[in-house]
Amino acid sequence: MHILVCVKQVPDTTEIKIDPKTNTLDRSSAPTIINPYDAHAVEEAVKIKNKFGGKVSIISMGPPQAEKVIKKCIEMGADEGYLLSDRAFAGSDTLATSYILAMGIKKIIEKETIDLLFCGKQAIDGDTAQVGPGIASRLGIAQLTYVEKVKSLDLESNTIIVHRKIDNGYEVVESKLPCLITVEKDINDLSYSPLPSMIRAARYKSTVWGINDFKADMSQLGLKGSPTSVRRIFPPAKRSGGKLLKGNVDEMVKQLTDSLKEGIVRWQL
Ligand SMILES: Cc1cc2nc3c(=O)[nH]c(=O)nc-3n(C[C@H](O)[C@H](O)[C@H](O)COP(=O)(O)OP(=O)(O)OC[C@H]3O[C@@H](n4cnc5c(N)ncnc54)[C@H](O)[C@@H]3O)c2cc1C
């Protein structure tokens, strides 16, 4: 059983600052962490490996510093890590990111099969939740998104059954392997890393692939391959105080409708 997990290095958003002059994220102000959803994806992959045997590989696209999150995954019990890092990849939006990651995954598949792919539900910085489904469609495999539980995995029939989170409950979905799963945090609790894995992680060096390791279509990656662009980034405006409605019901309804007519829609009872 070979499981591949896509892992993104993200700024620790509880500490990130926005540059008030340029309206861009001041990435130097924030320490980086493994995307929290991806940590749960790694945990689930390691759990499956421990039950069925096999190995867990990690793939990440990012600057050389992203190797830190791969080491974190090795600490958690992953076996191998691939970092896709090149200036040509910079400026990629979600479409281009999924192209680059799919390219890396296909290169791994050239030397060994992958039975199951995991992604986080979303990254806490970009927040689009588009990359997992993007990779699945580029690889032509099924995608099971918002998964909160792996119910069963049957290697004889090559099938997996999962619970997908929906608004008022969950859906039970079955898929043939290989497929791509994006996970919710509820899927598991993170466990402490065992000491041998921590020692291995400290010495571990990922395989790093740049643009020259691929026969890439340059029009599909980096800024050129990114049809979307960020026009402006800004913190939400501070809320002003609400308007307190007073009097009996009729008076309050009148005040409310007057306010709505004036375009003042924030109110408080
Ligand atoms: C409109 C737009 C324009 C952008 N422009 C730029 C830009 O000019 N420069 C720039 O640097 N960034 C840019 N970005 C950010 C960049 O596109 C995203 O960081 C990247 O595409 C991942 O998208 P996301 O963060 O929404 O991930 P999501 O789709 O929310 O992530 C879901 C899952 O996909 C996997 N995943 C996502 N990204 C990676 C990765 N890099 N490596 C491994 N696994 C991953 C993880 O498992 C993650 O949990 C832009 C984003 C948008 C929406």
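Counting convention: from 1, in listed order, for ligands and their atoms alike. Counting begins at 1 with the first residue of the sequence. Quick caveat: nothing in here was measured; it's all calculated off a predicted structure.
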Near [X], which atoms of ligand 1 are under 4.0 Å from a heavy atom of that residue?
X	value
C119	47 (O)
M61	40 (C), 41 (N), 42 (N), 43 (C)
D38	46 (C), 47 (O), 48 (C), 49 (O)
S92	6 (C), 12 (N), 13 (C), 14 (N), 16 (C), 17 (O)
N35	48 (C), 49 (O)
V7	42 (N), 43 (C), 44 (N)
Q130	29 (O)
Q122	30 (O), 31 (O), 32 (C), 49 (O)

| remark: Heavy-atom proximity to atom 28 (P) of ligand 1, picking from S226, A129, G126, points to A129
[X] bridged to [Y] by N-O distance under 4.0 Å:
X	Y	value
D186	K149	no
E148	R164	no
K107	E110	no
K254	D258	yes

| field | Distance (rounded to the nearest 0.5 Å) between I33 CD1 and K72 NZ | value | 10.5 Å
| Within less than 4.0 angstrom of ligand 1, does G91 place any heavy atom? | yes
| If you measure only the distance, is there a donor-acceptor pair under 3.5 Å linking the side chains of S197 and E75? | no
| message | Regarding H2 and D115, do their side chains bring together a donor and an acceptor under 3.5 Å, going by distance alone? | response |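 The criterion, which ignores hydrogens and geometry beyond distance, is not satisfied for D115 and H2.
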Would you say [X] and ligand 1 have an N/O pair spaced under 3.5 Å apart?
X	value
K121	no
L223	no
K8	yes
I59	no

| Are F214 and I108 co-members of a hydrophobic cluster defined by side-chain heavy atoms under 4.5 Å apart? |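 I108 and F214: one cluster.
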Using a heavy-atom cut-off of under 4.0 Å, does the side chain or the backbone of [X] touch ligand 1, or both, or neither?
X	answer
T97	side chain
L101	side chain
L84	neither

| said: Does the structure place the NZ or CZ of K185 under 6.0 Å from the centre of the six-membered ring of Y37, at an angle of no more than 45° from the ring's axis? | reply: yes
| query | Would the number of heavy atoms belonging to other residues, nucleotides or ligands and lying under 6.0 Å from CG of D127 be above 12? | reply | yes
| query | Do T159 side-chain atoms and S175 backbone N/O form a donor-acceptor pair below 3.5 Å? | reply | no
